[in-house]
Asks: 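This is the structure I want to talk about, given as structure tokens.
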Amino acid sequence: MTPILLPQGVVLEGLAQEDGSLPLLSFLGDGVSVSKNNRIENLNISAPSNHKAIFHTQMGNEMADLGEFKFANLSLTGQFSFIMRAGIESASVWVENLDIIACDSRHYFEQPQKYGVNVLQGAFTVYNFNSDAKSLLKLHATGIRIGRKNAPVSGSGLFVSGFGDEGGRLHADLIETKAIYSNGKLPFGVANLITAAVFVVYGAHVERLEHTDEIVTYGVNDMVLDTWGQVDDWLSHSDVISYGPSGVGFVNFGYVKNFVVKGAVKTYGLGARGYNQYDGTVDNIEFNDIATYGDGSVGVQISKKIGTLTVKGSISTQGGIGNSLVKGKNVMLPAIALSIKEGGEVDNITVQGNISTEGKDVAAYQVDAGGIVHAMHVGGQIHAKAGSAIVVHEQGVSPIR
């Protein structure tokens, strides 16, 4: 009937029943609350999807150091929420083999704000909401699985954040996930709310972020992989897929040193782009194939300086001109395959396959005035079925080889 609060140092562990299955704890509201130095293992915890299955309750400012928490071999219905608020300076969270079957996290008020948008929390939320710059929340997470194919969680999927560009920080040495399926369930036309299957928000630094299975979003303004923070090494072994309008396969507003997708990036919705570099930078970024199918769905759009971009396959778009969300505003965009905007600069671009578009009056490769490409190598063809193959508005772009 009511949540369970684990006092300091208490362990909650399930013992397998006679048939080998782990016990199920069922709640009518929120589930199990941790306080300090707690461990929860080997359980199924079922709360209503719009409640918290596991969460942290702050006991008072005297607990400046919360110590260590471990969560292992858990299956949840409801949100996993660890939010560190004012008065807490440090905590360490260790997560191993966590499966979130269902969750609706859209109604929680703590939301990062920047670039004209708010980010909704995720089914898995670890958040340093303390403005004190001395505060640090540490995270190590492996075996995270969220949602089911065609039965996604509502809101974001995996969400990790510090307080802001200034203030409390989150540091993760490793985050490793299995499949993630999310749907923000935002109304079409809303421009000031976004979600993502995986969102590394500001104030968060992840040393290694790895996905062993596909990452999929279904909703409006529902990014697949997104960061406002810093990731040193980001690796996806499988496909990155967006079905909703104004979704983006990978959008970067932060600093990523090395980003690799070994699967394909595919987007199907109106204005759903493949890869966008809006702010920050990336040192090295690699894809297999990038394919978009909706109107306004740019394949690659670069608006800031980056290092090396490599596409081992092709970049292709099927759509024409359509509506897309850009920095909190809905604008009309042509589905250009490779677009370098004003302020965009690339040290080296290598596309081993083709760069192609199918839409009417849509260029395949376009460099706007103020865009710079220092070196470019294309193994296949640059082809526009119903538009100009190459449009360069300012000479000074390196020849294509």
Asks: Looking just at side-chain N and O atoms, do Gln277 and Asn252 make a donor-acceptor pair shorter than 3.5 Å?
Replies: yes
Asks: Using the ring of each side chain (for Trp, its six-membered ring), is Phe82 parallel, tilted or perpendicular to Phe69, with breaks at 30° and 60°?
Replies: perpendicular
Asks: Over all heavy atoms of both residues, which pair between Ala91 and Leu66 is shortest? Give the atoms and the distance, please.
Replies: CB-CB, 3.8 Å
Asks: Enumerate, atom names and distances included, each donor-acceptor pair closer than 3.5 Å involving a side-chain atom of residues 333-345, sequence neighbours excluded.
Replies:
residue	atom	partner	partner atom	Å
Lys341	NZ	Asp368	OD2	3.1
Glu345	OE2	His374	NE2	2.7

Asks: Is there a donor-acceptor contact under 3.5 Å linking the side chains of Ser90 and Asp65?
Replies: yes
Asks: How far apart are the closest heavy atoms of Asp30 and Phe55, and which atoms are they?
Replies: CB-CE2, 3.7 Å
Asks: Please determine, by modelled atom types, if His51 and Asp104 share a side-chain donor-acceptor pair under 3.5 angstrom.
Replies: no
Asks: If you draw a 6.0 Å radius around CD in Glu68, do more than 12 non-hydrogen atoms from other residues or ligands fall strictly inside?
Replies: no
Asks: Is the distance between the ring centroids of Tyr278 and Tyr115 less than 6.0 Å?
Replies: no
Asks: Can you name the nearest heavy-atom pair linking Ile83 to His56, along with the distance?
Replies: O-ND1, 3.6 Å
Asks: Under a plain distance cut-off of 3.5 Å, with no hydrogens placed, do His171 and Glu207 share a side-chain donor-acceptor pair?
Replies: yes
Asks: Any salt bridge linking Asp289 with Lys266? Criterion: basic side-chain nitrogen under 4.0 Å from a carboxylate oxygen.
Replies: no
Asks: Between Asn128 and Ser135, is any side-chain donor less than 3.5 angstrom from a side-chain acceptor?
Replies: yes
Asks: Going through the distances and angles, do Ser21 and Asp19 end up as a side-chain hydrogen bond (donor to acceptor under 3.5 Å, both in side chains)?
Replies: CA-CA 6 Å; Ser21 62; Asp19 63 357; 2.7 Å; yes
Asks: Can you see which heavy atom on Arg106 is nearest to which on Gln111, and at what distance?
Replies: O-NE2, 4.3 Å
Asks: Can you tell me if Gln121 and Glu110 form a side-chain donor-acceptor pair at under 3.5 Å?
Replies: yes
Asks: Do any N or O atoms from the side chain of Thr227 and from the backbone of Val200 form a donor-acceptor pair under 3.5 angstrom?
Replies: yes
Asks: Please determine whether the number of non-hydrogen atoms from other residues, nucleotides or ligands lying under 6.0 Å from atom NZ of Lys114 exceeds 12.
Replies: yes
Asks: Does Lys178 have more than 12 heavy atoms from other residues, nucleotides or ligands lying within 6.0 Å of its NZ?
Replies: no
Asks: Would you name the heavy atoms of Tyr202 and Pro112 that are closest together and state the gap between them?
Replies: OH-CA, 3.2 Å
Asks: Going through the distances and angles, do Lys304 and Thr281 end up as a side-chain hydrogen bond (donor to acceptor under 3.5 Å, both in side chains)?
Replies: CA-CA 7 Å; Lys304 294 291 182 179; Thr281 191; over 6 Å; no
Asks: Excluding sequence neighbours, so at least two apart, what forms side chain to side chain contact (heavy atoms under 4.5 Å, CB included) with Lys134?
Replies: Asp132
Asks: For a quick check under 3.5 Å, do Gln301 and Asn276 share a side-chain donor-acceptor pair by atom type?
Replies: yes
Asks: Is the backbone of Ala197 close enough, under 3.5 Å, to the side chain of Ser156 for a donor and an acceptor to pair up by distance?
Replies: no
Asks: Using a strict cut-off of less than 4.0 Å between a Lys/Arg side-chain nitrogen and an Asp/Glu carboxylate oxygen, indicate whether Glu176 and Arg208 qualify as a salt bridge.
Replies: no
Asks: Going by atom types only, do Asp283 and Tyr255 share a side-chain donor-acceptor pair under 3.5 Å?
Replies: yes
Asks: Where do Ala179 and Asp213 come nearest, in terms of heavy atoms and distance?
Replies: N-CB, 3.4 Å
Asks: Would you call the rings of Trp234 and Phe259 parallel, tilted or perpendicular, where under 30° means parallel and over 60° means perpendicular?
Replies: perpendicular
Asks: When you compare the side chains of His211 and Thr177, does any donor N or O come within less than 3.5 Å of an acceptor on the partner?
Replies: yes
Asks: Can you tell whether the side chains of Glu41 and Arg39 come within less than 4.0 Å, N to carboxylate O?
Replies: yes
Asks: Does a donor on one side chain and an acceptor on the other come within less than 3.5 Å for Asn348 and Thr308?
Replies: no
Asks: Do side-chain atoms of Asn130 reach the backbone of Ile88 as a donor and acceptor pair under 3.5 angstrom?
Replies: yes
Asks: Would you please name every residue forming a side chain to side chain contact (heavy atoms under 4.5 Å, CB included) with Asp295, sequence neighbours left out?
Replies: Leu270
Asks: So that I can tick it off, tell me whether Asp239 and Lys262 are bridged by a salt bridge, with the cut-off set at under 4.0 angstrom between side-chain N and carboxylate O.
Replies: no
